[in-house]
Amino acid sequence: MNKISVIGSGTMGNGIAHVFAQYGHQVSLIDVQQAALDKALSTISKNLDRQVAKGSISEEEKSASLGRILTFTSLGDGVKDADLVIEAATENLQIKLDLFRQLDELCPQHTILASNTSSISITKIGSVTKRPDKVIGMHFMNPVPVMKLVEVIKGYATSYETTETVMTISSKLEKIPVEVNDYPGFVANRILMPMINEAIYTLYEGVAGIEEIDTVMKLGMAHPMGPLQLADFIGLDVCLSILRVLHEGFGNPKYAPCPLLVNMVEAGFKGVKTGEGFYAYTPGSKELKVSGRFK
């Protein structure tokens with residue numbers, strides 16, 4: 001399994017492409033806009049530079065990794081020879097279903113179709129293809145080159161052979177794959193998102209301020225990042241989307257997103273990506289400042 005196609009060149013997509021190329025795979029990175037692909041290659045190059053500076057790879061290995069990545073704006077051209085396709089597009093059900101219908105038609109019969117979704121049902125995605133046995137979840141963590149976990153999600157129809165192949169290739173990337181079954185939020189987000197939501201409710205109800213909530217969780221629970229800062233890092237829109245999947249999937253009110261989170265997303269305050277969420281972010285600055293809206 002040498003030829004890998006990655007769909008979507010954003011934060012997750014370029015990270016996935018980086019790791020596969022670094023470990024010797026030929027990678028086709030696909031996006032609808034060439035400008036997005038150019039930006040992704042620049043990001044990958046900078047991240048490889050960091051690895052060179054740390055001594056974890058050589059300049060030659062950096063050059064070889066970049067040389068293994070080709071970019072495509074045509075989905076058909078990018079996946080026509082793929083052994084494994086990993087979709088890392090927007091966390092939107094309809095977009096993913098449309099993509100997998102196309103992939104089923106465009107890819108060779110042997111191709112495994114994987115999604116990097118953080119919450120959407122792999123069973124549902126697989127159901128729109130003629131190869132549900134070859135559809136699986138590969139939920140990488142951000143930042144992909146650094147984080148070791150890959151949540152490997154089996155859809156209801158995913159075969160044992162597909163699961164074992166994906167577990168093996170993940171291990172060869174020096175990741176730690178964990179096999180889970182296909183239920184809303186899988187493991188990571190089923191546990192993480194209610195915690196983040198409860199932290200937002202704690203702020204919303206005036207129990208404590210942003211820094212106080214994050215400090216309690218960092219010092220009291222040994223979390224490297226507080227839940228409100230982590231929500232900003234993930235993207236408040238992503239957190240909201242996942243909570244809605246959990247709420248709809250389980251029908252349990254405990255997953256209902258906090259009204260404060262809904263308002264922030266609707267107003268465009270989505271965290272790091274927009275420059276403001278619970279904290280305010282200044283380009284080039286590492287200082288963590290609470291948003292003036294909460295002072």
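Along the sequence shown, residues are numbered consecutively beginning with 1. From a predicted model like this one, the values you see are computed outputs, not experimental measurements.
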Under 4.5 Å between side-chain heavy atoms, hopping through other hydrophobics if needed: is there a path connecting [X] to [Y]?
X	Y	answer
L230	F278	yes
I136	V19	yes
Y201	M195	yes
L149	V187	yes

Between [X] and [Y], does any side-chain donor sit less than 3.5 Å from a side-chain acceptor?
X	Y	result
S159	T162	yes
Y204	N197	no
Q22	Q51	yes
E174	Y23	yes
N14	T43	no
Y281	D232	yes
N252	H247	no
T129	D104	no

>> Side chains of V32 and T73, heavy atoms from C-beta outward: is any pair under 4.5 Å?
In response: no

> Got S5 and I30 here, is their nearest side-chain heavy-atom distance under 4.5 Å?
Replying inline: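 The answer is yes, as the side chains (C-beta and beyond) meet within the 4.5 Å cut-off.
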
> Quick one: salt bridge (Lys or Arg N to Asp or Glu O under 4.0 Å) partners of K62, sequence neighbours excluded?
Replying inline: D49

>> My understanding is that only residues two or more places apart in sequence, or in another chain, count here; which of them pass salt bridge (Lys or Arg N to Asp or Glu O under 4.0 Å) with R101?
In response: D98

Shortest non-hydrogen separation from [X] to [Y] and the atoms involved:
X	Y	answer
S170	P177	CB-CB, 3.8 Å
S291	G277	CB-O, 3.6 Å
A17	L29	CB-CD1, 4.1 Å
S118	E91	N-OE2, 3.0 Å
H139	N189	CE1-ND2, 3.7 Å
M138	L84	SD-CD2, 4.2 Å

>> What I want to find out is whether E276 reaches K270 closely enough, with some N-O distance under 4.0 Å, to be called a salt bridge.
In response: no

> How far apart are the C-alpha atoms of H25 and F20, what are their side-chain angles, what is the distance that settles it, and do they pass the ring pair (Phe, Tyr, Trp, His ring centres under 6.0 Å) test?
Replying inline: CA-CA 5 Å; H25 298 275; F20 273 99; 5.3 Å; yes

> Which distance, rounded to the nearest 0.5 Å, do you find between the CD1 of I196 and the CG of L261?
Replying inline: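 Between atom CD1 of I196 and atom CG of L261 there are 9.5 Å.
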
> Who pairs with F186 by ring pair (Phe, Tyr, Trp, His ring centres under 6.0 Å), at least two apart in sequence or on another chain?
Replying inline: none

